[in-house]
*Asks:* 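Could you have a look at this structure, given as structure tokens, before my questions?
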2 protein chains.
Amino acid sequence: MGRDRDFTQLGKALGAPARSVFLNLLMDGARRPAGELARAAGVSASTASEHLAVLVEAGLVTVEVHGRSRRYGLAGSQVAAALEALGALTGPAPVSGYRRSRQMERLAAARFCYDHLAGRLGIALADAWAEQGWLADRAALALTDAGADGLRGIGVDVDGAIAARRPTTRVCLDWTERRDHLAGALGAAVGRRFLAAGWVVRHASGRGLDVTDAGRAFVRRTWGVDLNA
Amino acid sequence: MGRDRDFTQLGKALGAPARSVFLNLLMDGARRPAGELARAAGVSASTASEHLAVLVEAGLVTVEVHGRSRRYGLAGSQVAAALEALGALTGPAPVSGYRRSRQMERLAAARFCYDHLAGRLGIALADAWAEQGWLADRAALALTDAGADGLRGIGVDVDGAIAARRPTTRVCLDWTERRDHLAGALGAAVGRRFLAAGWVVRHASGRGLDVTDAGRAFVRRTWGVDLNA
DNA sequence: GTGACGTTTCGGCCGCTGCCGAAGTGTTCG
DNA sequence: CGAACACTTCGGCAGCGGCCGAAACGTCAC
């Protein structure tokens with residue numbers, strides 16, 4: 001009787017196409033009403049409702065009631081981390097020259113992964129910060145004193161991130177690039193700062209991001225990162 | 001068509017009790033013949049064979065043919081990492097005083113998580129190393145120069161771990177304790193050293209470990225870690 | 001070669017699950 | 001208060017998936 005962790009319920013919850021679409025949509029950390037999710041997945045409202053009930057039952061998703069609308073969202077950063085880890089497994093390794101749709105290409109450039117920056121932007125930042133001694137180790141991404149000062153200097157709530165209940169820094173393996181980037185409470189704080197400062201803007205819907213001209217200039221000026229490369 | 005990562009196949013693969021048992025058994029990184037897995041899960045050989053084919057198809061498991069026996073094992077450390085992340089989600093947080101079977105208690109004390117030490121032993125080591133400056137940061141577990149020297153001094157193949165293709169250090173969230181411990185190539189190197197030196201021994205089957213008297217004395221002498229606490 | 005053995009493939013049964021449309025519940029708006 | 005709306009629950013259908021035993025396959029031992 002050596003079974004100690006039962007993946008059955010989680011697996012069943014993940015194992016339906018419509019639910020997979022829902023989770024992907026919710027990976028940006030936003031809450032969405034049931035109807036929007038139903039439309040996005042191409043199923044009827046009743047079917048979507050049943051799917052959402054399954055996800056809630058499995059603990060992957062939580063609901064907030066807003067009047068006659070119900071907003072569904074991921075149950076927490078741990079869920080997002082698990083989905084990222086799982087996502088890193090699916091599909092073959094991205095061989096160079098693999099053809100991508102324009103949509104995928106935009107996602108690969110910059111996006112939110114639940115609450116922190118990901119895509120090539122996230123990786124470039126982690127690279128630069130490791131290079132310049134703001135993070136101690138490219139593999140582990142530990143925050144140094146210099147890094148704490150530097151991030152405070154650009155308006156990131158470093159102390160809030162350190163005080164948070166979740167781990168301050170955490171590595172997250174990128175889906176598209178297969179490289180690590182910064183997650184955890186600090187990653188979330190950086191993401192909030194980038195949005196607030198207007199260095200990135202959200203796509204109309206979903207977790208895609210566009211780096212603004214101001215953002216592009218800022219990262220080049222501050223860390224010498226050239227995002228057009 | 002915003003779906004970019006499809007969890008359906010992985011989810012279906014995880015969503016059967018017998019397969020969950022298989023994966024749990026394989027979490028120690030060992031390969032096992034189909035028959036043994038069938039017996040452990042309480043299903044017929046034919047059923048087990050079908051399940052294993054599903055797991056292979058999903059990329060979670062690989063086979064090695066040894067004569068007329070076939071040994072199944074996890075497809076890599078990324079799979080183990082994803083399963084750990086998923087496992088951290090299941091079940092309620094371990095409220096204090098929660099009753100555990102003796103089997104579970106032994107697993108909670110020390111075990112292999114795919115290829116690195118986990119359980120209270122793994123956490124105690126991470127704590128001690130962070131405390132003593134061998135790892136830069138309890139949250140990120142970045143290896144310091146002092147840590148590299150120290151681990152080399154006790155016979156851990158630090159340089160091999162640094163040169164490895166996978167990340168040198170990585171944090172892994174413990175199932176039972178909900179705390180981070182050291183994984184990645186360095187975690188694996190530490191695990192190999194602990195086994196080779198006889199500081200831990202494997203249980204008869206599965207991923208459980210017993211810390212030997214020599215191991216207990218060693219960790220107390222070297223880092224002041226008292227495992228009886 | 002022949003027989004034993006570990007594993008896979010096949011056929012068939014049963015139950016679960018996804019899907020929908022219709023009806024029901026609760027909320028907002030006029 | 002009643003109609004419109006967002007969502008959930010219910011009933012019913014179709015198909016998939018898990019299970020087994022029987023048979024086929026490949027390998028090892030003698």
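In the text below, chain A, chain B and the rest are named by the order of the sequence lines, each starting its count at 1.
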*Asks:* Would you indicate which nucleotide in dG18(C), dT9(D), dT7(C) comes nearest to any side-chain atom of Ser49(A)?
*Replies:* dT9(D)

*Asks:* Could you state the CZ-C1' distance from Arg70(B) to dG26(D), rounded to the nearest angstrom?
*Replies:*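 Going from Arg70(B) (CZ) to dG26(D) (C1'), I get 9 Å.
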
*Asks:* Could you tell me how far apart Leu14(B) (CG) and dG18(D) (P) are, to the nearest whole angstrom?
*Replies:*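 It works out to 12 Å between those atoms.
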
*Asks:* With heavy atoms under 4.0 Å as the rule, sort Arg71(B) into base, sugar-phosphate or nothing.
*Replies:*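 Nothing, no heavy atom under 4.0 Å.
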
*Asks:* Measuring to OP1 and OP2 of dC20(C), would you say a side-chain N or O of Ser44(A) lies under 4.0 angstrom away?
*Replies:*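 Indeed, a polar side-chain atom of Ser44(A) lies that close.
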
*Asks:* Distance check needed: dT7(C) C1' versus Phe22(B) CZ, whole Å only.
*Replies:* 13 Å

*Asks:* Donor-acceptor pair, distance only, cut-off 3.5 Å: does the side chain of Arg32(A) make one with the backbone of Leu37(A)?
*Replies:*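 No: the side chain of Arg32(A) does not pair with the backbone of Leu37(A).
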
*Asks:* For Glu50(A) and for Ser69(A), find the nucleotide of DNA chain D with the closest heavy atom, then tell me which residue's nucleotide is more 5'.
*Replies:* Ser69(A)

*Asks:* Ignoring the backbone of Val43(B), work out which of dC19(D), dT8(C), dG18(C) is nearest its side chain.
*Replies:*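 Between dC19(D), dT8(C), dG18(C), the one nearest the side chain of Val43(B) would be dC19(D).
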
*Asks:* If you go through the side-chain atoms of Thr47(B), does one of them form a donor-acceptor pair with the base of dG18(D) closer than 3.5 Å?
*Replies:* no

*Asks:* It should be established whether Tyr72(B) places a side-chain nitrogen or oxygen under 4.0 Å from OP1 or OP2 of nucleotide dG6(C).
*Replies:*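 So the side chain of Tyr72(B) is outside the cut-off, no N or O lying under 4.0 Å from OP1 or OP2 of dG6(C).
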
*Asks:* Within 45 degrees of the ring normal and closer than 6.0 Å to the centroid, is that where the cationic atom of Arg202(B) sits relative to Phe112(B)?
*Replies:*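 Judged by the rule, Arg202(B) and Phe112(B) form a cation-pi pair.
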
*Asks:* Compare the minimum distances between each of dT7(C), dG17(D), dT27(D) and the side chain of Arg68(B), then state the nucleotide with the smallest one.
*Replies:*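 Given the options dT7(C), dG17(D), dT27(D), the side chain of Arg68(B) is closest to dT27(D).
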
*Asks:* Using atom CZ of Arg31(B) as one end and atom C1' of dT7(C) as the other, report the distance to the nearest whole Å.
*Replies:*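 Going from Arg31(B) (CZ) to dT7(C) (C1'), I get 16 Å.
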
*Asks:* Write down the atom of Pro17(B), the atom of Thr8(A), and the distance for their closest heavy-atom approach.
*Replies:* CA-OG1, 3.5 Å

*Asks:* Pairs of donor and acceptor atoms involving the side chains of residues 66-81 of chain A, under 3.5 Å and at least two apart or interchain, shall be tabulated with distances.
*Replies:*
| residue | atom | partner | partner atom | Å |
| --- | --- | --- | --- | --- |
| His66(A) | NE2 | Glu64(A) | OE1 | 3.2 |

*Asks:* Rounded to whole angstrom units, what separation is found between the CG atom of Leu55(A) and the C1' atom of dG18(C)?
*Replies:* 13 Å

*Asks:* End-to-end bend of the helix from dG1(C)-dC30(D) to dG30(C)-dC1(D) (five-pair axes, 10° rounding)?
*Replies:* 30°

*Asks:* Okay, side chain of Ser20(B), backbone of Phe7(A): is any donor-acceptor separation there less than 3.5 Å?
*Replies:* yes

*Asks:* For Arg120(B), is there any backbone N or O sitting under 3.5 Å from a side-chain donor or acceptor partner on Arg179(B)?
*Replies:*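 Here the side-chain-to-backbone pair does not exist.
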
*Asks:* Just how far, in rounded Å, is C1' of dA6(D) from CD of Glu64(A)?
*Replies:*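 In whole Å, dA6(D) C1' lies 17 Å from Glu64(A) CD.
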
*Asks:* Could you tell me how far apart Arg32(A) (CZ) and dC7(D) (P) are, to the nearest whole angstrom?
*Replies:* 14 Å

*Asks:* Taking for each residue the nucleotide of DNA chain C bearing the nearest heavy atom, is the 5' side occupied by His51(A) or by Ala45(B)?
*Replies:*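 The answer here is Ala45(B).
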
*Asks:* Whole angstroms only, please: what is the CG-P distance between Leu52(B) and dT7(C)?
*Replies:* 9 Å

*Asks:* Can you tell me which nucleotide in dA22(C), dC19(C), dG18(C) comes closest to the side chain of Ser46(A)?
*Replies:* dA22(C)

*Asks:* Would you call the rings of Trp199(B) and Phe218(B) parallel, tilted or perpendicular if under 30° counts as parallel and over 60° as perpendicular?
*Replies:* parallel

*Asks:* Could you check Gly42(A) against Gly67(A) and say which one's nearest nucleotide on DNA chain C is further toward the 5' end?
*Replies:* Gly42(A)

*Asks:* Within the distance-only criterion (no hydrogens, no angle test), does the side chain of Arg193(B) pair as donor or acceptor with the backbone N or O of Ile154(B) below 3.5 angstrom?
*Replies:*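 Such a contact is found between Arg193(B) side chain and Ile154(B) backbone.
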
